[in-house]
Amino acid sequence: MGLPKEPRQKMVNMMYLVLTAMLALNVSSEILNAFKVVNVSIANSNAVITEKNNSTYASFAEKLKDDQTKAKAAIWAPKAEEVKKMSADLFNYIENLKTEMKKRSKLEIKDGVEHYAEDNLDAPTAMMDKESKGKELYDKLVAYRKNVIGVLKPEEFADNPKFQADLKKEIEAFNKNLPINVNVPKSQSGKEYSNDAKGWTTNYFHMTPTVAAMTILSKFQNDVKSSEAQMVDYLHSQIGTVKIVYDQFQAIAQANTSYAMPGDAIEITAGVGAFSAAAQPKIFINGAAQTLNPDGTAKWKTTAGGAGDHAVDVRIEYAKPDGSVATVNKKVNYTVGLPSGASVFLEKMNVLYVGVDNPLTVSGGSVGREKVKVSFSGGVPVTNKGGDSYSIKPTAPGQAKVIVSADGKPYEFPMRVKFLPPPTAFVGAKKSGTISSAELKAIGAVIAKLDSDFEAPYKVVSYKVGAVGGPIQIYAEAVNNGNRWSGPAESLISRSGPGTRLFFDAIQVVGPDGRQQEIPSMVFQLK
């Protein structure tokens, strides 16, 4: 009779073929030892997945502390805690069954090593079949599967129909693919069992040697751990995809420039950060009420007058979520300079970055180019690229100055110098998410680049690849050096397929400033 296609059923059915042979051969010690080896392997896999899950829970805790992510993390972290508790309860319940079964098989501990009657057929049969522990375990597995998926509640996102629809699709996928499976495997001996708790118990535990029953119970613990991993990884990935209702506001008021020449236009933008239509701000600039733009901001324009410092009074009133009204008063300051003054314009960003060439444009105003000299604090050289174009490569972060000497008169321009921001990891054009197995394998590499307009090359030094699901039933991982996967990592990815979850962790990169750093991980679901 042909074996079924599902890998987990193949494993179980092969075990029962072995069990049949064992009974005929009076259970040789070599066969019993084979079960012990499998049981140890599953236990090691459980430990690896537990470590992976703990890293995810730690990430939830960090995101709950981060002002930028805590609002979204507050939606998903409690659900992850539910999954964690349900998984721990069921895992521990199965562990207690294993302990009791070993005790009934004459458990003794000598020199810290457990010994029990591995070929005992009575303990598993009595416990699981006659005393109905098998039915109890069956019911708990069924309830666990239902309740773990049940933490996803589409009705909680009625205000976001698109996400609600996507969530329903995810629930359907979990119902099909979650590792917990209580279907009775097809018999290889010709004897069929009912597809219910009774048939399930008889199939797995009736007249089964203790060491084989222990292996089967470890396998169900592995299913629990794998199911927990899939659920908490999905919940963690949602931090950043859900539309949230802002409950914190920051009044803003700023000018389009802090330094202008006579006749230049001065434009003030004022509003409420994280604007919501419910905030309904009222904005007054120099005492005059302003008309709001659709995004909740107001623009006020004037023309720069005489040289010197100037200030604009801004008052912002807005409604908070609790219905109260908050008022913020601000002063927007700007300076009008003389026509002969120098100016500096950063071409890429509003800061200078360490270790890379930062382009900037320097003008001496009404002074001829031949009379303009440019220097940078700290003795860092400034390179002229031709005309008014210059380049600076700072060596350390902090506050610095670009000093422009126009016809002998120095002008200082304060600058912020920072390390380059961490890059983002990509496989192809994707940071994480769903991707076809063939597409991912064809790409063959991890790259890192800045998720911004600033261009800076990053080299991927190493990373760790983990995989579970689909063709890979027990979690496995490999370390890869360089950006293209090779060796064990390439072999692991080659074995993956539809249904596999691939993890790229501990991604180490080196930027043009010479710093090596670890960047956030990626998770892909292969289809």
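The first residue of the sequence shown is numbered 1, and numbering continues consecutively from there. The structure displayed is predicted, hence computed values, not measured ones.
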Of all the heavy-atom pairs spanning [X] and [Y], show the shortest one and how long it is.
| X | Y | value |
| --- | --- | --- |
| Pro394 | Asn358 | CD-ND2, 3.4 Å |
| Asn222 | Ser45 | ND2-OG, 3.2 Å |
| Met522 | Ile507 | CE-CD1, 4.3 Å |
| Ser496 | Ser437 | O-OG, 4.0 Å |
| Phe205 | Leu217 | CZ-CD2, 3.8 Å |
| Ile49 | Ala229 | CG2-CB, 4.0 Å |

Distance, nearest 0.5 Å, that separates [atom1] of [X] from [atom2] of [Y]:
| X | Y | atom1 | atom2 | result |
| --- | --- | --- | --- | --- |
| Glu170 | Leu235 | CD | CG | 10.5 Å |
| Glu155 | Leu167 | CD | CG | 9.0 Å |
| Glu136 | Glu131 | CD | CD | 11.0 Å |
| Gln221 | Asn92 | CD | CG | 8.5 Å |
| Ser132 | Leu137 | OG | CG | 12.5 Å |
| Met127 | Met101 | CE | CE | 4.5 Å |

Can a salt bridge be assigned to the pair [X] and [Y] using a cut-off of 4.0 Å between side-chain N and carboxylate O?
| X | Y | answer |
| --- | --- | --- |
| Glu100 | Arg104 | yes |
| Lys84 | Glu228 | no |
| Lys169 | Glu172 | no |
| Glu62 | Lys70 | no |

Report task. Give the intermediate values and the outcome of side chain to side chain contact (heavy atoms under 4.5 Å, CB included) for residues His236 and Lys63. Result -> CA-CA 10 Å; His236 187 269; Lys63 284 177 167 51; 3.8 Å; yes
Close side-chain approach of [X] and [Y], heavy atoms under 4.5 Å:
| X | Y | value |
| --- | --- | --- |
| Asn181 | Asp223 | no |
| Arg145 | Lys140 | no |
| Val354 | Leu420 | no |
| Pro154 | Ile171 | yes |
| Ile180 | Val224 | yes |
| Lys459 | Val509 | no |
| Pro512 | Tyr458 | yes |
| Asn160 | Lys162 | yes |

Any side-chain donor-acceptor pair under 3.5 Å between [X] and [Y]?
| X | Y | result |
| --- | --- | --- |
| His206 | Thr201 | no |
| Thr424 | Lys449 | no |
| Thr210 | Asn120 | no |
| Lys225 | Thr50 | yes |
| Glu95 | Tyr93 | no |
| Ser227 | Tyr144 | no |

So, [X] side chain and [Y] main chain: donor-acceptor pair closer than 3.5 Å or not?
| X | Y | result |
| --- | --- | --- |
| Thr208 | Tyr204 | yes |
| Ser59 | Ser55 | no |
| Asn203 | Gly199 | no |

Query raised in the report: How would you list, by chain and number, every residue that makes a ring-ring contact (aromatic ring centres under 6.0 Å, His included) with Phe91, sequence neighbours excluded?
Result: none
Report task. Output all residues satisfying ring-ring contact (aromatic ring centres under 6.0 Å, His included) with Phe503, sequence neighbours left out; order by chain, then residue number. Result -> none
Query raised in the report: So Glu439 and Lys527, salt bridge (charged side-chain N to carboxylate O under 4.0 Å, His left out) or not? Walk me through it.
Result: CA-CA 10 Å; Glu439 180 183 355; Lys527 62 180 180 179; over 6 Å; no
Would you list the pairs meeting salt bridge (Lys or Arg N to Asp or Glu O under 4.0 Å) in which at least one residue belongs to [range], sequence neighbours left out?
| range | answer |
| --- | --- |
| residues 198-211 | Asp129-Lys198 |
| residues 174-185 | none |
| residues 38-57 | Lys52-Asp505 |

Query - Residues Phe504, Phe426; criterion ring-ring contact (aromatic ring centres under 6.0 Å, His included); working and verdict - result: CA-CA 10 Å; Phe504 293 86; Phe426 291 82; over 10 Å; no
Report task. With Arg515 as the cation and Phe419 as the aromatic partner, state whether NZ or CZ is under 6.0 Å from the six-membered ring centre and within 45° of the axis. Result -> yes
Query raised in the report: Taking everything shown except Lys153 itself, do over 12 heavy atoms lie less than 6.0 Å from its NZ?
Result: yes
Query - Lys441, NZ: over 12 other non-hydrogen atoms inside 6.0 angstrom - result: yes
**Report entry** Stepwise side chain to side chain contact (heavy atoms under 4.5 Å, CB included) test for Val356 and Lys393
**Finding:** CA-CA 5 Å; Val356 296; Lys393 184 185 287 187; 5.7 Å; no
Query raised in the report: With under 30° as parallel and over 60° as perpendicular, where do the rings of Phe163 and Trp76 fit, or are they tilted in between?
Result: perpendicular
Query - Lys431 and Phe524: CA distance, side-chain angles, deciding distance, side chain to side chain contact (heavy atoms under 4.5 Å, CB included) verdict - result: CA-CA 9 Å; Lys431 305 175 187 178; Phe524 292 95; over 6 Å; no
Query raised in the report: side chain to side chain contact (heavy atoms under 4.5 Å, CB included) between Leu152 and Tyr234: does it pass, once the steps are laid out?
Result: CA-CA 10 Å; Leu152 303 177; Tyr234 172 77; 3.9 Å; yes
Validation: residues 461-472 side-chain donor-acceptor distances under 3.5 Å, sequence neighbours left out:
unit_1 : atom_1 : unit_2 : atom_2 : d
Tyr463 : OH     : Asn480 : ND2    : 3.3
Tyr463 : OH     : Asn483 : O      : 2.9
Tyr463 : OH     : Trp485 : N      : 3.3

